[in-house]
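Written below as structure tokens is the structure these notes are about.
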Amino acid sequence: MTILKTYARLWTDDLDEALPLLEELTGERPHLRLAFHEIALAALGNFLVIAGPAEERARYAHASATVVVDDLDALQATLASAGAAITTPTTGGPTGRFLYARHADGAEVEYVEWTPDLVQRIISG
């Protein structure tokens, strides 16, 4: 299992308002932009910007980072051997599959396995 990308999560009320500064800071345009339920997301550089109503954002705020891996199944074995607990089981989403895990030290992370086309476009590019 390999980590392909790690995103710091930034929370905002308005995605379009947040992006210009981040584009200036990173020198990049979003390489990923999508909606998931009532949440809007954009990824640029090493930031994942999450916008939407506060009550919806709160559903995802327990995770401190989003980590893209190449093999979610292998990751689960690694997490289990380290005493981590899966807090949200593997679920399909617009970018592939994801899960949330609480590490033995209490840190919570969202892990994502992207679809092959996203890996090709964003990582292998």
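In this chain, numbering begins with 1 at the start of the sequence shown. This is a predicted model, so every value here is computed, not measured.
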Salt-bridged, Lys5 to Asp70, with N to O below 4.0 Å? no

**OP:** Please answer whether the main-chain N or O of Asp14 pairs with a side-chain N or O of Thr12 as donor and acceptor at a distance below 3.5 Å.
**Re:** yes

When Thr6, Leu41, Val68 are each screened for side-chain contact (heavy atoms from CB on, under 4.5 Å) with Leu48, the one that passes is Leu41

Q | Side chain proximity check, Leu32 to Thr95, heavy atoms < 4.5 angstrom | A | yes

Looking only at heavy atoms, the pair that brings Arg9 and Ser64 closest together is CD-C, 4.1 Å

Counting only heavy atoms from other residues, nucleotides and ligands, does the tally under 6.0 Å from CZ of Arg102 exceed 12?
no

More than 12 heavy atoms from other groups under 6.0 Å of CD on Glu17
no

Practice task
Check whether any side-chain heavy atom of Ile122 lies under 4.5 Å from a side-chain heavy atom of Trp114, and answer yes or no.
Solution key: yes

d(Glu113 CD, Phe98 CZ) to nearest 0.5 Å is 13.0 Å

Main-chain N/O of His31 paired with Arg121 side-chain donor or acceptor, under 3.5 Å: yes

Under a 3.5 Å threshold, yes or no: a donor from one side chain and an acceptor from the other, between Gln76 and Thr90?
yes

- Does any non-hydrogen side-chain atom of Tyr60 lie less than 4.5 Å from one of His37? yes

The residue among Leu79, Thr66, Ile3, Thr88 that forms side-chain contact (heavy atoms from CB on, under 4.5 Å) with Tyr111 is Leu79

Tyr100 meets the ring pair (Phe, Tyr, Trp, His ring centres under 6.0 Å) criterion, sequence neighbours left out, with His62

So CG of Leu99 and CG of Leu75: to nearest 0.5 Å the spacing works out to 6.0 Å

Would you check if the side chain of Arg57 reaches a backbone N or O of Gly52 as a donor-acceptor pair within less than 3.5 Å? yes

Q. Do the side-chain N and O atoms of Asp117 and Thr115 include a donor-acceptor pair separated by under 3.5 angstrom?
A. yes

Here the pair of heavy atoms bringing Pro30 nearest to Ala42 is CB-CB, 4.4 Å

Measuring only between side-chain heavy atoms, which start at C-beta, is Val112 closer than 4.5 Å to Val69? no

dist Ser124:OG -> Leu118:CG (nearest 0.5 Å) comes out at 11.0 Å

Residues Asp71, Arg97: salt bridge by 4.0 Å N-O rule: no

For Glu38, the salt bridge (charged side-chain N to carboxylate O under 4.0 Å, His left out) test, sequence neighbours excluded, returns none

Below 3.5 Å, can you tabulate the donor-acceptor pairs from side chains in residues 18-25 to any protein atom, sequence neighbours excluded?
residue: Glu23; atom: OE1; partner: Arg29; partner atom: NH1; Å: 3.2
residue: Glu23; atom: OE2; partner: Arg29; partner atom: NH1; Å: 3.1

Output for pair (Tyr7 OH, Asn46 CG), nearest 0.5 Å, gives 7.5 Å

The reported gap from OG1 in Thr26 to CG in Leu44 (rounded to nearest 0.5 angstrom) is 4.5 Å

